[in-house]
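Have a look at the structure below, then the notes.
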Amino acid sequence: MTSALFSPIALRGLTLPNRIVVSPMCQYNSDDGSANDWHLMHLGGFSLGAAGLVMTEMTNVNAVGRITHRCAGLWSDANEAALKRVHDFCRAYGVAKLGVQLAHAGRKGSTQVPAAGGKPLTAEQKAWQTEAPSAVPYDQGWSVPHALTKGDIQRLVGDFAASARRVDRIGYDLIELHGGHGYLLHQFMSPLSNQRTDEYGGSTANRIRFPLEVFAAVRAAFSADKPVGIRVSATDWVDGGWTLEETVVLAHALKEAGCDYMDVSTGGLDPRQKIPLAPGYQVPFGETVRKETGIKTMSVGLITGARQAEDIIASGGADFVVLGRGIMYDPRWAWHAAEELGAETAYAPKMMACHPKMRPQVFPSRQAPATWSRTGAAGATEL
Ligand SMILES: Cc1cc2nc3c(=O)[nH]c(=O)nc-3n(C[C@H](O)[C@H](O)[C@H](O)COP(=O)(O)O)c2cc1C
């Protein structure tokens, strides 16, 4: 049987062996933005072959853009060296391709880590002044962000480009911009958070101006053969907010600008949102974007089953499925999905002994079976 989920796909100069992506997931464990041993375990584990592409958590382009004091960043040489250590570790032992999600939290910054309650920081907890398109707080009790001046906006475009250069220098395969979940880029897009009267506010064309400027700067800063994509929220799930129709307008403009894919999520901008959660509930949004614009799409949100994922890809619902909690629960999800679908997927060399085809042997042989390369169990170069 041929599996759509395990069919290769190219994004610019990057060929991915399957359609499975490990979603970016904040770890709230960085030191002044720098990755540490936790990230070796977290990302290193996923890189062993559970998906074609493994994304870092939301990695912020400056310190003010963090959600919490413990969020990841890529604004300093120390941050770059720390992330390079993690990248090199994943490359040395793993087989997955590796991407970084670049972000700025805007008005959703300066909070406690979720495990401590996730509330806005107090002065004693070293709160900082957040920044956003307009001086509109996320919710009652949240601090009022500084409304960005045009000079600030240009500084931020430069920060995104500088972080993209660091990602390139480290050697990552791909960059994704975080344009969803109510963070800074999304705050510019939505009329609920963007009440500007200059060329960055008002019409859809004006509200997508900043994300497009950031995209262009990051695209120019990153190696031309490597893909740059964006995660967006296709709706705010609140009347008067950002819509699917506007997402399609944005997708057309980004595709024109050379964007390689759109990862379509929803929500996160406004606490009044009412989300009808159900398995694969965000797939129809991405499917509309894909069909109306022809841009490659990723679908995320409550995708947990192998057959469910296979159907999404085979039916044209998306080009990729992105898994968060499901693959955190089962980091070997792709191996198990491959077995269920009768497909092959890559195993890191040191993990080959656990491949089901090896189990009939009482004692694992140090020699890969002769059929190995024909069956496509990539990575079987060393046992
Ligand atoms: C612990 C945790 C951290 C997350 N951090 C990020 C993040 O850094 N960037 C992002 O775009 N989404 C983040 N998300 C959202 C996930 O990437 C994903 O979109 C969401 O969990 C829905 O997918 P799932 O149902 O497969 O978990 C996070 C989710 C979780 C559970």
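One-based numbering, in listed order, for ligands and for the atoms of each.
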Does an N or O from G324, backbone or side chain, lie closer than 3.5 Å to an N or O of ligand 1?
yes

Residue pair H146 / T130, side-chain donor-acceptor N/O under 3.5 Å
no

For the residue pair S223 and R12, confirm or rule out a side-chain donor-acceptor distance under 3.5 Å.
no

When you measure from atom 4 (C) of ligand 1 to each heavy atom in C26, A105, G180, which option holds the nearest one?
C26

Mark up the atoms of ligand 1 that fall under 4.0 Å of a heavy atom belonging to H178, in ascending order.
9 (N), 10 (C), 11 (O)

Show which atoms of ligand 1 fall inside a sub-4.0 Å distance from at least one heavy-atom site of R325.
21 (O), 22 (C), 24 (P), 25 (O), 26 (O), 27 (O), 31 (C)

Can you check whether a protein heavy atom sits less than 4.0 angstrom from atom 16 (C) of ligand 1?
yes

If we ignore angles and hydrogens, is there a donor and acceptor under 3.5 Å between the side chains of N79 and S76?
yes

Atom 14 (N) of ligand 1 sits nearest the protein heavy atom P24 O, 3.6 Å

Examine L302 against ligand 1 and note whether any of their N/O atoms are separated by less than 3.5 Å.
yes

Starting from atom 19 (O) of ligand 1, find the nearest protein heavy-atom neighbour and note its residue, name and distance.
R231 NH1, 3.1 Å

Ion pair E344/K357, N-O distance below 4.0 Å:
yes

Is there a side-chain contact between Y200 and N206, using heavy atoms and a 4.5 Å cut-off?
no

Residue pair E57 / H39, side-chain donor-acceptor N/O under 3.5 Å
yes

Below 3.5 Å, N or O to N or O, backbone or side chain included: is there any such pair between S265 and ligand 1?
no

For residues Y183 and I153: do they belong to one hydrophobic cluster (side chain heavy atoms under 4.5 Å, members Ile, Leu, Val, Met, Phe, Trp, Tyr)?
no

Any N or O of Q101 that comes nearer than 3.5 Å to an N or O of ligand 1?
yes

Indicate yes or no: does an N/O atom of L323 lie under 3.5 Å from an N/O atom of ligand 1?
no

Protein heavy atom at shortest distance from atom 30 (C) of ligand 1
M25 CG, 4.1 Å

With respect to atom 8 (O) of ligand 1, which of M298, E176, M55, M58 exhibits the smallest heavy-atom separation?
M58

Does D239 CG have over 12 foreign heavy atoms under 6.0 Å away?
no

I'd like to check which ligand 1 atoms, numbered from 1 as shown, lie under 4.0 Å from a non-hydrogen atom of S23.
16 (C), 17 (O), 18 (C), 19 (O)

As an exercise, identify every atom of ligand 1 less than 4.0 angstrom from a heavy atom of V300.
18 (C), 19 (O), 23 (O)

Do H178 and L185 touch side chain to side chain, with heavy atoms closer than 4.5 Å?
no

Atom indices of ligand 1, in the order listed, that fall short of 4.0 Å to a heavy atom of G301
22 (C), 23 (O), 25 (O)

Looking at E80 and K84, does any basic side-chain N land under 4.0 Å from a carboxylate oxygen?
no

